[in-house]
Amino acid sequence: MRSTSLFGMAIFLASLGPMSAAYADGVKADIEAANARFSAAAAKGDGAALAALYSAEGQVMPAGSDPIRGSAAIQKFWQGALDSGIAAIGLKTVEVFGHGPTATEVGEYELRDKAGKSLDHGKYIVIWQHADGQWKLLRDMFSTNIPPSKK
C-alpha cells in the first residue's frame with residue numbers, strides 16, 4: 001500500500017509541472033500583448049500612456065537611479081526619455097514565470113531614434129501584477145549591455 005501512495009504522489013507532482021508551464025505560456029501571450037501596447041505608446045511619444053501601463057504601486061528601477069514611484073513620476077521619467085530622442089522601444093520576452101496574480105518576465109530591449117539608429121540595448125526584468133482583468137507593470141528594472149566607455 002505504501003508504494004501505491006508514493007506512486008500516486010509522484011504522478012501528482014509530475015502533473016504540476018505541465019500545469020505551471022501552461023499557465024506561464026498563457027501569461028506570456030498576455031504580457032507580449034501588453035509589451036506591444038508599451039512599444040506603441042513609445043512610438044507615439046506618449047509618456048502618459050506608458051505610465052498608464054503600470055499598476056498603482058508601480059515602480060521603474062533604472063540603473064544609476066533611485067526607484068521612480070507613482071504615476072506622475074513614471075510619466076515624467078518616460079516622457080523625458082522620449083523627449084531625449086528615443087523614438088522606438090523594442091521588447092523581446094525571453095522567459096515568463098507565473099504564479100497567481102503575479103508573473104515575472106525576463107527580456108531584452110532595444111532603444112532606437114527616429115532614424116532607426118540603435119541607441120541602447122540590454123536586458124530587463126519586470127514583475128507583472130494581474131488586477132482588474134489586466135496585466136500591469138509592478139516593478140520594472142533594466143540595464144544596458146553596452147560597456148561603459150574607457151576614459
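- The shortest non-hydrogen separation linking Trp135 to Pro101 is CZ3-O, 3.7 Å.
- Judged by distance alone, with hydrogens and angles left aside, the side-chain atoms of Lys136 form a donor-acceptor pair with the main-chain N or O of Ala52 at under 3.5 Å.
- Taking each heavy atom of Leu138 and Ser55 in turn, the nearest pair found is CD1-OG, 3.3 Å.
- Gln79 places a side-chain N or O within donor-acceptor distance of the main-chain N or O of Gly45, the cut-off being under 3.5 Å.
- Below 30°, between 30° and 60°, or above 60°: for Tyr124 and Tyr109 the angle between ring planes is between 30° and 60°, a tilted geometry.
- In this structure, Thr93 OG1 and Glu108 CD are separated by 10.0 Å, a value rounded to the nearest 0.5 Å.
- Remark: side-chain polar atoms of Lys123 are paired, donor with acceptor, to backbone N or O of Thr144 under 3.5 angstrom.
- When all heavy atoms are compared, the tightest approach of Val96 to Ala103 is CG1-CB, 4.4 Å.
- A donor-acceptor contact shorter than 3.5 Å is absent between the side chain of Ser39 and the backbone of Ala36.
- Linking Ile, Leu, Val, Met, Phe, Trp and Tyr whenever their side-chain heavy atoms come within less than 4.5 Å leaves Met61 and Phe38 in two separate clusters.
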Checklist entry - So Val60 and Phe142, side-chain contact (heavy atoms from CB on, under 4.5 Å) or not? Walk me through it. => result CA-CA 9 Å; Val60 179; Phe142 50 92; 3.7 Å; yes
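- Between the CD atom of Glu32 and the CZ atom of Arg37 there is a distance of 12.0 Å, given to the nearest 0.5 Å.
- Closest approach of Ala87 and Asp113 over heavy atoms only: CB-C, 3.6 Å.
- Across all non-hydrogen atoms, the minimal contact from Ala41 to Leu50 is CB-CD2, 3.8 Å.
- Here the side chains of Phe77 and Pro62 are in contact, with some heavy-atom distance below 4.5 Å.
- Across Glu57 and Arg139, no two heavy atoms sit closer than the pair O-NH1, 2.8 Å.
- For the atom pair Trp128 CH2 and Leu53 CG, the distance stands at 7.0 Å (nearest 0.5 Å).
- Within the model, atoms CG of Asp120 and CD1 of Ile89 stand 10.5 Å from one another, a figure rounded to the nearest 0.5 Å.
- The NZ atom of Lys92 sits 11.5 Å away from atom CD of Glu110, with the distance rounded to the nearest 0.5 Å.
- Note that CH2 of Trp78 is 13.0 Å distant from CG of Asp83, once rounded to the nearest 0.5 Å.
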